[in-house]
Amino acid sequence: MKYLLKKAGKMNKIWSGRVGSNTDNLADKFTFSLKTDVKLYVYDIIGTIAYAAGLKKIGIISKSELIQIIDGLIKIKNNIEAGRYPENDYNYEDIHSLIEFELKNEIGEAAGKIHTGRSRNDQIVLDEKLYLKDAVIQILKSLAELQSGILEFAQKNITVIFPAYTHLQKAQPVLFSHYLLSFFEKFSRDINKLFNNFNESDLMPLGSGACTGSGYAIDRKYLSKLLKFKGTACNSMDEVSNRDYFQDFIYNLSCVMLHLSRFCEDLIIYNSNEFSYIEIADEFCTGSSIMPQKKNPDILELIRGKSSIVAGNLVQFEVMQKGLPTTYNRDFQEDKGIVFNAFNETLSSVIIFKELLKNIKLNEDKINKSMERGFTEATDIADYLAKKGETFRNSHNITGKIIRFCIENDISLKDLDLKTLKNHSQYFDSDFFEKISLGSCINAKITDCGTNSKSVNNNLKTAFLRMQDIQKEIEKLKSRVPDINSLMEEIKNTPD
Ligand code: ARG
């Protein structure tokens with residue numbers, strides 16, 4: 001790599017005319033962001049190739065210069081991918097400077113033209129928006145797999161009845177599949193938000209320049225087409241100070257993590273010795289260094305822990321922007337570390353959670369036992385009386401007394417006889433025991449959002465179909481992300 005041939009020591013910054021090259025080493029080190037923003041190299045290179053084609057279109061660079069620039073940029077891309085770049089050289093302020101300097105080393109003076117009418121302020125927005133497209137697609141893919149996993153788990157256990165909780169107290173019987181579908185809904189909303197995130201951000205920033213626009217007649221529609229944006233951003237001042245695409249992204253990631261965290265918390269409880277509703281395969285558990293008997297659900301706990309980190313990232317991102325004066329400020333440089341972290345934590349959490357879910361077995365014996373003395377049928381007893389003619393308030397009261405009677409006498413509902421029941425209300429009849437069987441309680445929740453088997457079956461079917469659509473939508477998004485090959489093809493097809 002040519003940079004290796006450069007003299008050791010200071011070199012001129014891209015902005016050295018005014019400030020001079022003698023910035024303090026501490027200043028160089030402090031302002032240096034290459035370690036983080038090198039992750040954007042491919043987007044910076046794609047953006048720069050497209051921009052060079054744009055400059056060629058308006059006659060600022062010649063055809064042969066364009067070819068040289070593209071060749072040079074591809075070489076730089078290969079070098080970075082092979083790890084041949086000065087990752088610790090503070091002279092290279094950021095990824096944009098690195099690429100411009102390296103291009104000069106590769107092709108000489110023509111490199112000096114690529115920044116005509118462009119600023120790092122609009123360049124970074126472009127890089128970030130291109131990164132975002134890839135990142136959203138990756139998260140969407142992982143979420144789609146998680147959703148399919150949830151649906152398969154629900155399908156496999158479609159008839160299992162277990163207790164629904166409120167206040168972490170047993171509430172009512174519910175189909176386990178209905179419970180699982182509740183998380184499917186939460187993640188579906190996250191998926192929708194991520195699609196929106198992609199669409200809302202899909203406006204091309206170049207031409208904004210430093211803040212007031214470009215002094216060159218850049219064909220923005222052409223650049224937009226080359227880079228596969230759906231349109232162009234319309235206000236230069238807004239665009240160089242716009243970080244809403246990332247703000248929304250971190251918010252969306254934090255929602256995913258929040259939902260995962262709540263799911264994890266449930267599973268940690270259900271996995272506890274006291275509940276033992278589920279068993280997590282050994283492959284997804286850890287042990288204790290001192291207590292030989294322990295099998296701990298650390299992965300679930302870590303996801304719960306990481307959700308706080310991503311929620312913190314959201315706050316970091318908001319606070320970073322709060323009170324910034326209009327347009328670009330260097331504070332923005334801090335945005336990347338925050339977003340990359342939120343993305344990595346969320347992606348790895350979704351991926352491992354999806355695997356862990358496949359490795360959970362329901363312990364139906366324990367669940368059934370827990371249902372026996374849970375009095376989760378109480379609402380159905382009250383409904384039974386109310387449907388026979390009692391007011392619901394009276395029914396509630398009568399049922400409460402019956403439950404107290406059972407607890408005081410250490411018996412369960414099925415130990416009651418009709419005579420005792422009739423002492424509480426004349427409305428009790430021989431159909432009572434059938435009406436409060438767990439299956440009847442499930443099917444008595446007749447609303448289409450409720451746990452009755454018919455609705456759950458329908459909702460599950462619809463959910464499977466929805467996932468097929470989502471997969472197709474994700475595929476469509478892929479065609480809206482530029483890559484070097486598609487870009488080169490587009491450039492080749494541009495008339496001279
Ligand atoms: N690396 C910077 C960032 O991430 C972009 C450079 C803009 N620098 C500047 N001095 N205007 O925001």
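We count ligands from 1, going down the list as the structure has it; atoms in each ligand are counted the same way.
- Those atoms of ligand 1 that come under 4.0 Å of a heavy atom in Asp94, given as number and element, are 1 (N), 6 (C).
- Relative ring orientation between Phe162 and Tyr165 is described as perpendicular, the plane-to-plane angle rising above 60° on a 0-90° scale split at 30° and 60°.
- Both tests pass for Lys57 against the ring of Tyr222: distance under 6.0 Å to the centre and angle within 45° of the axis.
- Remark: Arg480 fails to qualify as a cation-pi partner of Phe198 under the 6.0 Å distance and 45° angle criteria applied to the six-membered ring.
- When Ile95, Leu34, Asn121, Asp37 are ranked by how near their heavy atoms come to atom 11 (N) of ligand 1, first place goes to Asn121.
- Relative to the ring axis of Phe229, Lys133 places its NZ or CZ within 45° and under 6.0 Å from the centre.
- Near Tyr328, meaning under 4.0 Å from one of its heavy atoms, ligand 1 places the atoms 2 (C), 3 (C), 5 (C), 6 (C), 7 (C), 8 (N), 9 (C), 11 (N), 12 (O).
- Counting protein heavy atoms only, atom 10 (N) of ligand 1 is closest to Arg120 NH2, 3.6 Å.
- Between the side chains of Ser208 and Asp122, not a single donor N or O lies within less than 3.5 Å of an accepting N or O.
- Within the listing of ligand 1, atoms 3 (C), 4 (O), 12 (O) sit less than 4.0 angstrom from a heavy atom of Lys336.
- Using cut-offs of 30° and 60° on the angle between ring planes, the pair Phe263 and Phe353 is tilted.
- Distances from ligand 1 to the non-hydrogen atoms of Gln123 include no value under 4.0 Å.
- Close approach of ligand 1 to Gln333 (heavy-atom distance below 4.0 Å) involves ligand atoms 1 (N), 2 (C), 3 (C), 4 (O), 12 (O).
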